[in-house]
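Any value given below was found using the heavy atoms of this structure, including those in side chains, with hydrogens, waters and symmetry copies removed. Bear in mind that the values here come from a model prediction, so they are computed numbers and not experimental data.
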Amino acid sequence: MSAALPPGGAMYATDEFGRPILILREQGKKQRVRGLAAQKTHILAAKTAVNIVRTSLGPRGLDKILVSPDGDVTITNDGATILSQMQVEHQIAKLLVQLSNSQDDEIGDGTTSVVVLCGALLEQAEKLLDKG
């Protein structure tokens, strides 16, 4: 795997077990997002996590089928379970997972509701950002 990367910046390879590996060029040419664009990116990441959980809220909420990396299947509509088993990488979305966990630890209920409420507040904040 010591081949040079093509001009596009990415190369596809497989390991000894046949699992795919995507090798990316260093992130030196990427630029950091700042200001309003960064705030909107954070809100978008949080809204994505909220939208996953939102559909499981209430008496007509839908169950989610979660498959772990080792193949275990979990069917649940509990927001805390859904968020804790998600592999979240974005720091703002991780805050929502922590919010759900602390609600579960302190109260024991309302994990989905608190995440959906946070998402609604962020949607209103985004409207205010758009107004200036």
Side-chain angles (χ1 to χ4, degrees):
M1 282 204 206
S2 61
L5 292 177
M11 185 172 82
Y12 176 81
T14 57
D15 65 1
E16 63 270 9
F17 301 109
R19 294 180 293 214
I21 300 172
L22 187 61
I23 303 170
L24 301 174
R25 183 178 296 266
E26 288 187 40
Q27 296 183 3
K29 293 187 178 182
K30 289 190 175 184
Q31 295 196 1
R32 187 176 295 259
V33 180
R34 299 179 188 274
L36 186 62
Q39 291 173 339
K40 289 192 175 213
T41 303
H42 294 326
I43 290 173
L44 177 65
K47 283 173 39 177
T48 303
V50 169
N51 288 335
I52 292 170
V53 178
R54 178 177 283 148
T55 57
S56 67
L57 181 65
R60 299 188 68 172
L62 302 173
D63 290 346
K64 305 286 185 205
I65 299 175
L66 307 170
V67 181
S68 68
D70 58 351
D72 290 338
V73 176
T74 305
I75 300 174
T76 184
N77 66 355
D78 178 42
T81 305
I82 294 167
L83 287 171
S84 66
Q85 291 192 9
M86 285 175 44
Q87 296 175 349
V88 180
E89 292 185 14
H90 196 277
Q91 293 300 319
I92 302 301
K94 282 183 183 180
L95 284 174
L96 290 176
V97 174
Q98 291 174 359
L99 175 69
S100 172
N101 289 337
S102 24
Q103 177 73 14
D104 193 33
D105 292 343
E106 293 294 323
I107 309 297
D109 194 18
T111 54
T112 305
S113 300
V114 75
V115 171
V116 170
L117 175 64
C118 182
L121 290 172
L122 286 171
E123 285 177 13
Q124 294 302 314
E126 186 175 28
K127 288 179 185 176
L128 292 173
L129 286 173
D130 289 338
K131 287 183 180 179

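- Within a 6.0 Å sphere centred on CD1 of Ile65, other residues, nucleotides and ligands contribute 12 heavy atoms or fewer.
- Among Val50, Leu83, Leu57, the single residue meeting the side-chain contact (heavy atoms from CB on, under 4.5 Å) criterion with Thr112 is Leu57.
- Residues Val53 and Leu62 fall into different hydrophobic clusters, defined by Ile, Leu, Val, Met, Phe, Trp and Tyr side chains chained together at heavy-atom separations under 4.5 Å.
- Among pairs with a residue in residues 64-94, those fulfilling ring pair (Phe, Tyr, Trp, His ring centres under 6.0 Å) read His42-His90, at least two apart in sequence or across chains.
- Atom SG of Cys118 and atom CD of Glu123 lie 10.5 Å apart (nearest 0.5 Å).
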Next on the checklist: Test side-chain contact (heavy atoms from CB on, under 4.5 Å) on Leu36 and Lys40; report intermediate values, then the result.
Outcome noted: CA-CA 6 Å; Leu36 186 62; Lys40 289 192 175 213; 4.2 Å; yes
Next on the checklist: side-chain contact (heavy atoms from CB on, under 4.5 Å) for Ser113 and Leu117? Distances and angles first, verdict last.
Outcome noted: CA-CA 6 Å; Ser113 300; Leu117 175 64; over 6 Å; no
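- Using modelled atom types and a 3.5 Å distance limit, the side chains of Lys64 and Thr81 yield no donor-acceptor pair.
- Smallest separation of non-hydrogen atoms from Val88 and Lys94: O-CE, 3.0 Å.
- No path of Ile, Leu, Val, Met, Phe, Trp and Tyr side chains, each step under 4.5 Å between heavy atoms, connects Leu122 with Val115, placing them in separate hydrophobic clusters.
- Scanning all heavy atoms of the two residues, the minimum distance from Ala46 to Ile92 falls at CB-CG2, 3.9 Å.
- Residues Val116 and Leu95 do not share a hydrophobic cluster, defined by chaining ILVMFWY side chains whose heavy atoms lie under 4.5 Å apart.
- Val33 and Ala38 get closest at one heavy-atom pair: CG1-N, 3.3 Å.
- Ser68 and Asp70 are linked by a side-chain donor-acceptor pair at a separation below 3.5 angstrom, with hydrogens and angles left out of the test.
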Next on the checklist: Show, in sequence, the C-alpha distance, side-chain angles and deciding distance for Ile82 and Met86, and conclude whether the side-chain contact (heavy atoms from CB on, under 4.5 Å) test is met.
Outcome noted: CA-CA 6 Å; Ile82 294 167; Met86 285 175 44; 4.2 Å; yes
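- Scanning both residues, Thr111 and Ala80, for their nearest heavy atoms gives OG1-N, 3.3 Å.
- Within a 6.0 Å radius of CG in Asp109, other residues, nucleotides and ligands contribute 12 heavy atoms or fewer.
- Remark: the backbone N or O of Leu96 is not paired with any side-chain donor or acceptor of Ser100 at under 3.5 angstrom.
- Residues Ile43 and Leu129 meet the side-chain proximity criterion, which asks for heavy atoms closer than 4.5 Å.
- Here the CG-OG distance, from Leu66 to Ser84, works out to 8.5 Å after rounding to the nearest 0.5 Å.
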